[in-house]
J.: 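I have a structure I would like to understand better, so I am pasting it below and will then ask my questions one at a time.
Below, chain A is the first sequence line, B the second, and so on; all start at residue 1.
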Number of protein chains: 2
Amino acid sequence: MNVTNSEIRRNEILGAVIEAYVAAASPVGSALVARKLREALSPATIRHIMVELETIGYLEQPHTSAGRVPTAQGYRWYVDRIMEVPRLSSEQVRALGAPLAHGEGDSAQVLARAGQALADLSQEAAFVVAPTVKQSRVRHIELVPVGVHKMLCVVVAEGDVVASHVIEVEEPLDRDEASAVARAASAELAGLPVAELLGALEQRLLGEQDVLGEAMKQALAILQNVLAGEPAGRLLVEGARYVVGQPEFQRQPQRAEALLEGLDAEGPLLERLHADLGTGAVRVRIGQEIGVPGLEACSYIVAPFAVGRGVVGGVGVLGPTRMDYRRHSALVQAMARAVTELLTDGEG
Amino acid sequence: MNVTNSEIRRNEILGAVIEAYVAAASPVGSALVARKLREALSPATIRHIMVELETIGYLEQPHTSAGRVPTAQGYRWYVDRIMEVPRLSSEQVRALGAPLAHGEGDSAQVLARAGQALADLSQEAAFVVAPTVKQSRVRHIELVPVGVHKMLCVVVAEGDVVASHVIEVEEPLDRDEASAVARAASAELAGLPVAELLGALEQRLLGEQDVLGEAMKQALAILQNVLAGEPAGRLLVEGARYVVGQPEFQRQPQRAEALLEGLDAEGPLLERLHADLGTGAVRVRIGQEIGVPGLEACSYIVAPFAVGRGVVGGVGVLGPTRMDYRRHSALVQAMARAVTELLTDGEG
DNA sequence: TCTAGCACTCAGTATACTAGAGTGCTAAAC
DNA sequence: GTTTAGCACTCTAGTATACTGAGTGCTAGA
């Protein structure tokens, strides 16, 4: 009881410090916390507890006579144990999602709008990990000759994820041949995970016993080509300007450069995000935890959304470690739900 | 002869000042210019001429005891009259373009690589104004049902520019119907400029006298939907990080924010770029000339490239007004040529 | 027409001082 | 034992002052 009581108070004060720091971006002193706290405590008492929080490693002082600043560990504790994320009602979610449906359009357009909306609402950078055919199952394949040695190849996967490329082919097929081949390929391959397809194609190309012979072999080669060119994931970033405008980045402009570099590289961040999305839950990564060069001073919150069966994408917010985790968690979660609802409704 | 002589010298000195300033990013003094100049002149003489250049408005002093800095007008004169852009040989252009073809792929991928390459080579932000179906002529239309009330609609235009969207339809067509309609629509509409198509569709929808009746009408409605959702231009920006890393932006971080804002808005910049591309030549815009909020401290160089007939896109470099116009002009021009060669070779 | 010489200007830097925010500690009060 | 008032202490940020040096403009002479 005793211990618990003091722990509760610690958490309250840590929460107050973090919230004040998030709001003002400058070290928080005991007097300010005393004012903010509902329980009436003197600054002196609060200082005592702040010393404790500092020895645990949740707070630190930039210098002796400054207030306290949360550490990454402090944020982590806050996110895991202290903050309460207001769960938005379905109605609120719907309201959030409404502007996304504006003019409906393609799922790609919906996702782009979701990213923009999230950036504008959070005043941070927002990102969308767009679903890619490679994570999904084949639903339909289409081949259309376009010009003499060119072929339009479209792979439609579940969730209306589309990969379309115009590629060069050596032996032209005419329109009917192409159509027949595509139809056969569709029938044959529908339902297969695209990722497995790549291997399967290889085998089939070696097998040489297809009903449609040469033409089918060629089609499969084309398909392989198309899928090989498709990225393993696509990262869409909106509103990096908001982050660059944050005081920590204005004060240290090289950080802004590092941030943009980290975002441009794309690969490492995407990898990390995919790992987090695999868990199926909202995830928060704080500072170094991200493990992507250039993003050491940042945190992100990401939530998965579904399109059809299975998790296939994510939306999130990326900002300085000093970000409003509570508000943004709610936002991200809601946006993920809205996107899921919007993109899944047409499905089985 | 007298006047001409002094003008030549003025130009030489302006050129030297600009080149020194571009390299060092700090005001240029007479002594430095004296050292750089091939003709041996004393600093005092150079100062005389610098005073002239200042009264004309080509140079300015940040403060009395500093060196000189070029004005926008100075850059303009330099770009128009002084600098000599080395015209690269076809071979060099080919060498530049070689990495773009790496793995070939779609034209979209080629353009993305061109942007990245240009950014890396120039160490500035690079941009690509991607061709869009709206500027081109219809070559082919394809309609494929995907799911019950969903239809994949693909419009292939000249230059392999593709717009594909999955849209919702009220009355489903089956595969064969869709195919027949698409075939008919292709035959009917091929060769028409897409921009005109939008109007044409409207009329045809009112006309009600199509061979295929209801189905065709529906198809046209779909098409209209798809084209309406297609943007008038697409701007791809790569390597903004390089610009943010430039000293002028590191010293004044709000500028970096403004830059990113200006780029995110996209619309105004695209408009300006389209106007410049319409001229068919390499264009340089310096500072305020860009006329896009946020980009006041920047310049760009843009060159058009062709895909099939007609100008349909552009590549360029965007950096601080203090940029290497000479080198980057050559780069941009070469890249535009490389892209044109790469994307046009398969055509008629 | 060019240049050497020189006085002058002004940003940038270094130094010193001050004010104030915030701390830690101790001793007293609850 | 917990809380608080009081107080000395620390350290940044801001301000005033002086100094340095890069670079200028001007003038007189080559």
J.: Check whether B:Gln246 reaches the backbone of B:Phe249 with its side chain - one donor and one acceptor, N or O, closer than 3.5 Å.
T.: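 Between the backbone of B:Phe249 and the side chain of B:Gln246 there is no qualifying donor-acceptor contact (under 3.5 Å).
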J.: Angle between ring planes, B:Tyr325 versus B:Tyr75, binned at 30° and 60°: parallel, tilted or perpendicular?
T.: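 Tilted.
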J.: Does the side chain of B:Ser30 get closer than 4.0 angstrom to OP1 or OP2 of D:dT24 through an N or O atom?
T.: yes
J.: Provide, to the nearest angstrom, the distance between the CD atom belonging to B:Glu60 and the P atom belonging to D:dT24.
T.: 14 Å
J.: Output yes when a side-chain donor or acceptor of B:Ser122 lies under 3.5 Å from a complementary backbone atom of B:Val317, and no otherwise.
T.: no
J.: Respond yes when some side-chain nitrogen or oxygen of B:Arg9 is under 4.0 Å from OP1 or OP2 of C:dC2, and no when none is.
T.: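 Answer is yes, contact under 4.0 Å.
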J.: Looking at B:Ser42, does any N or O in its side chain come under 4.0 Å of the phosphate oxygens OP1/OP2 on C:dT3?
T.: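 True: B:Ser42 side-chain N/O within range (under 4.0 Å) of C:dT3 OP1/OP2.
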J.: Starting the side chain at C-beta, find the nucleotide from C:dC2, C:dT23, C:dT3 nearest to B:Ala44.
T.: C:dT3
J.: So, the side chain of B:Glu60 versus the backbone of B:Gly57: is there a donor-acceptor pair under 3.5 Å, distance only?
T.: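 Absent.
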J.: Between atom CD in B:Gln61 and atom P in C:dC10, what is the gap in whole Å?
T.: 10 Å
J.: Can a donor-acceptor pair be found, under 3.5 Å and without considering hydrogens, that links the side chain of A:Glu52 to the backbone of A:Ile49?
T.: no
J.: Rounding to a whole Å, what distance do you find between A:Leu32:CG and C:dT23:P?
T.: 10 Å
J.: Between the side chain of A:Glu238 and the main-chain N/O of A:Ala125, is any donor-acceptor distance below 3.5 Å?
T.: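 Side chain of A:Glu238 to backbone of A:Ala125, a donor-acceptor pair under 3.5 Å: no, none is there.
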J.: With sequence neighbours left out, write down each residue that passes ring-ring contact (aromatic ring centres under 6.0 Å, His included) with B:Tyr78, or none if nothing qualifies.
T.: none
J.: Could you tell me the separation between the CD1 atom of A:Ile49 and the C1' atom of C:dG22, rounded to a whole number of Å?
T.: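 Result: 17 Å.
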J.: Using heavy-atom distances to pick each residue's nearest nucleotide on DNA chain C, tell me which of B:Glu39 and B:Arg47 is more 5'.
T.: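 The residue mapped nearer the 5' terminus is B:Glu39.
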J.: With a 4.0 Å limit, can you tell me whether B:Arg68 has a side-chain N or O closer than that to the phosphate oxygens OP1/OP2 of D:dG25?
T.: yes
J.: Quick test: give all pairs of protein nitrogen or oxygen and nucleotides 11-18 of chain C nitrogen or oxygen below 3.5 Å, distance rounded to 0.1 Å.
T.:
none

J.: In whole angstrom, give the distance that lies between atom NE2 of B:His48 and atom P of D:dA28.
T.: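 That distance rounds to 13 Å.
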J.: Rounded to whole angstrom units, what separation is found between the CD1 atom of B:Ile13 and the P atom of D:dT24?
T.: 12 Å
